[in-house]
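Letters A, B, ... mirror the listed sequences (proteins, then strands); counts begin at 1.
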There are 2 protein chains.
Amino acid sequence: MGNMLVAQSGGPTAAINATLAGVIAGAKLEKKVGHIYGAENGIQGVLEERFFDLDSKIKNWEDMQMLIQTPAAFLGSCRLKIKDDGQIAEIVKILKKHDIGWFIYIGGNDSMDTVYQISKYCDKEKISGLSVIGAPKTIDNDLSETDHCPGFGSAAKYIAETFAELERDCNVYTQKAITIVEVMGRDAGWLTAASVLSRINGGNGPDLIYLCEAVFDTEKFLDDVKTKLSEKDAVLVAVSEGIHTADGRYISESVQTRGVDNFGHAYISGAARVLESMVQERIGCKVRAIELNLMQRCAAHIRSAADMEESRMLGLMACSGALSGESGKMAVIRRICDEPYETVYTLADISKVANVVKSVPKNWINPQGNGVTEEMVKYLKPLIQGEAYSIYKNGVLGQLSR
Amino acid sequence: MGNMLVAQSGGPTAAINATLAGVIAGAKLEKKVGHIYGAENGIQGVLEERFFDLDSKIKNWEDMQMLIQTPAAFLGSCRLKIKDDGQIAEIVKILKKHDIGWFIYIGGNDSMDTVYQISKYCDKEKISGLSVIGAPKTIDNDLSETDHCPGFGSAAKYIAETFAELERDCNVYTQKAITIVEVMGRDAGWLTAASVLSRINGGNGPDLIYLCEAVFDTEKFLDDVKTKLSEKDAVLVAVSEGIHTADGRYISESVQTRGVDNFGHAYISGAARVLESMVQERIGCKVRAIELNLMQRCAAHIRSAADMEESRMLGLMACSGALSGESGKMAVIRRICDEPYETVYTLADISKVANVVKSVPKNWINPQGNGVTEEMVKYLKPLIQGEAYSIYKNGVLGQLSR
């Protein structure tokens, strides 16, 4: 009887533990699974053999609910980039040592590359009895092959609600003022686009939306703001952290460069702040930069019920795929219909997912490059529906500790 | 038959409209009230006679619920400072012209000063038939005479929940990292203190808490951080925006001064950012500054049920006080007991409230100046209890538009 290993990686989301709950639920249903182990801190914990028993950790319904509503990776995360086949061989040796028959890795682009590398290695070396399956996770929503990514819907709900609240806040005074809100997204503007959902009940929402997929022209931006200012007092602007000029230079780079992370990504922040200074200097009215910062990815208290259901189901799908002998795949959602919203769950070839970034289609951005189309709204709307069931304790959301 | 006028002022909160709802409900119960008018943009709208009929705006139960859950001042706000008795005379003339018998002003310190000025003027000029009553409102929780202020509990709940979520987020990696979170509060650290409530269910919460009531010593701060870093990987710090050195210089002043607002308050921001640079330079590890910014005052989606109930009751109290002929008072909460939590509502003399700032008592800050005491926890805990009833529409909290 083999054991199952599950690990989590990449940046935190409010849904990654719902996927873990799906994996555990799926494994507990199957008699052929011995232990369900969790590896601490992703693939780094695998290499360091830091495994612990999830069977005894999740004992009842309440443990499971607490796991689901706990934000950020319950098992811990890592940003370790696999170096070479030597490291892969080491991982496989460790998995074999612990009699792991099924390894589920929940994560984003870089984690899916790890799944790809391990499964390719097993194929090449003709290693049998080890299924490696990925389960998607990223608030960036930039994984290919899946209609959207677990964690994105909850972050999008936070963004939609926060912009609706900020709009009210910014409109209480009669003074001319500009508020520039920076949303996460280096290479994909999906999350920034979700700010449009703050209009869903008739509100005005952001007056201007700039995604990182469109070239950002600072003069055009200043003109857009001036035009809006001539029409109303409070102007609300949404920008992706990754907005950049025609020559590929990030707007944020004008103030800081702090080198690159382990994956070669440039560390950037502060696009809104750069624009704030620019507006102050060139337009001269009251202006405020807001970064939604880490809050947008860990706001467990405003999880989307749709996202929770899908995240859990994708965990189940990854688990059942592994148990049926599939390997080198990622569990995905395919959309059948926008309204009524209908989807199916299936598996996609991991080679098509690894290291591919799914950007916002150019034709979902308006011709002026300062807003999104109705197509985008149709795509986004189902993902934020419903308020996830939550148990509060003493006024704060209950969590499960490791 | 006289009319009632109600207005809102100061910075937005998630509870100010619950107080407005209380005033309206109270006035609707009394047959002697003709119209219930709302003045747009506070005392500024009074001076400009921008009144509208709240009777026809709030027609049924759902309108009332939507009003209660709408963040920021439904009637709009202002930051107008009353200049002199001439302006007061003008206000009183306008109130008389519109046959206002009762004027309820919902706001913070500056608004309570306006209530004080008008009622003093009426006394002096022997103007009868005009009751002027204040209803407290401020996330800063710095009004005197009342145990705490409407809006504070909901902001505190947001802070508690957000710190609990940020703690999880910051702890997913094994890397040494410092996260410095800046909380609103120029002269009072109540809201920053509320970060301690993130420990309420056994979590660690912020490792260090610096309130603006204690002198901030940057060398001591760096030592505190270094000590914590030697004990654990992720260090979470809460700081008030108004932290300052022994000579009264704001930490944020090292980067910016943008003059003063209409009330002579210095415009400040960026304490966390100053500390971020300092840590980067002097300690050199990964560090991130987060500003909770406007989100902490308008997060209607995580309103405290206790705060909602109290905010509504204080509106009712202000209204019934006015209708019974009281003037120059503010509706207040007095605490009878922490546990079980028990309070009474009454009226306090406005002269004792106007322009007084209630700071955190020094003995509720720990001797090291980097945390708060159990007394503080006892005081804060009841204020964030319960999750307010909310109606979502299409995945976003429903709001009432003016």
Student: Roughly how far, to the nearest 0.5 Å, is the CG atom of N201(A) from the CG atom of L397(B)?
Tutor: 9.0 Å

Student: Restricting to non-hydrogen atoms, name the atom on A72(B) and the atom on V172(A) that form the minimum distance, rounded to 0.1 Å.
Tutor: CB-CG1, 3.6 Å

Student: Can you say whether L75(B) sits under 4.5 Å from chain A via the side chain, the backbone, both, or neither, judging by heavy atoms?
Tutor: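 Looking at L75(B), nothing touches chain A.
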
Student: Where is the tightest heavy-atom contact between V396(B) and A160(A), given as atom of each residue plus distance?
Tutor: CG2-CB, 4.0 Å

Student: Under a 4.5 Å cutoff for heavy-atom pairs, which residue among M295(A), R168(A), Q175(A) has the most contacts with chain B?
Tutor: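 Top option by heavy-atom pairs under 4.5 Å: R168(A).
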
Student: Could you have a look at G386(B), P12(B), A306(B), G11(B) and say which one has the most heavy-atom pairs with chain A under 4.5 angstrom?
Tutor: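 Answer, by heavy-atom pair count under 4.5 Å with chain A: P12(B).
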
Student: Given heavy-atom pairs under 4.5 angstrom as the criterion, report whether the side chain, backbone, both or neither of K393(A) touches chain B.
Tutor: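 Both parts, backbone and side chain.
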
Student: For Q44(B), is it the side chain, the backbone, both or neither that has a heavy atom under 4.5 Å from a heavy atom of chain A?
Tutor: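 It is the side chain, since no backbone atom gets that close.
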
Student: Please round to the nearest 0.5 Å and tell me the distance separating atom CG of L292(B) and atom CG of L292(A).
Tutor: 11.0 Å

Student: Please state whether the side chain, the backbone, both or neither of F163(A) comes within less than 4.5 Å of a heavy atom of chain B.
Tutor: neither

Student: Of all the heavy-atom pairs spanning D169(A) and C298(B), show the shortest one and how long it is.
Tutor: OD2-CB, 3.6 Å

Student: Quick one: what part of T174(A) sits under 4.5 Å from any heavy atom of chain B, side chain, backbone, both or neither?
Tutor: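 Backbone plus side chain of T174(A), per the 4.5 Å heavy-atom cut-off to chain B.
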
Student: If I measure from the heavy atoms of chain A, does A305(B) come under 4.5 Å with its side chain, its backbone, both, or neither?
Tutor: neither

Student: Can any side-chain N or O of N394(A) pair as donor or acceptor with the backbone N or O of L197(B) at less than 3.5 Å?
Tutor: no

Student: Does any heavy atom of chain B fall under 4.5 Å from the side chain of L383(A), the backbone, both, or neither of them?
Tutor: neither

Student: If you round to the nearest 0.5 Å, how far is CD1 of I384(A) from OH of Y392(B)?
Tutor: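 Spacing of OH (Y392(B)) from CD1 (I384(A)) equals 10.5 Å.
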
Student: Main chain of A14(A), side chain of E165(B): is a donor-acceptor contact present, judged purely on distance under 3.5 Å?
Tutor: no

Student: With only heavy atoms counted, which part of T70(A) is less than 4.5 Å from chain B, the side chain, the backbone, both or neither?
Tutor: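 Contact with chain B is through the side chain of T70(A) alone.
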
Student: Between atom OH of Y173(B) and atom OG of S77(A), what is the distance when rounded to the nearest 0.5 Å?
Tutor: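 Y173(B) atom OH to S77(A) atom OG measures 4.0 Å (nearest 0.5 Å).
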
Student: Are the side chain of E291(A) and the backbone N or O of I290(B) linked by a donor-acceptor pair below 3.5 Å?
Tutor: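 Checking the backbone N and O of I290(B) against the side chain of E291(A), no donor-acceptor pair under 3.5 Å is found.
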
Student: Do you know which of S401(B), S390(B), G42(B), A299(B) has the most heavy-atom pairs under 4.5 Å to chain A?
Tutor: A299(B)

Student: With a 4.5 Å limit on heavy-atom distance, are the side chains of R288(B) and L294(A) in contact?
Tutor: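 A side-chain contact exists here, since the closest heavy-atom pair is under 4.5 Å.
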
Student: Return the CD to OG distance between Q399(B) and S198(A), rounded to the nearest 0.5 Å.
Tutor: 9.5 Å

Student: According to the interplanar angle, ranging from 0 to 90°, do the rings of Y158(A) and H301(B) count as parallel (below 30°), tilted (30 to 60°) or perpendicular (above 60°)?
Tutor: perpendicular

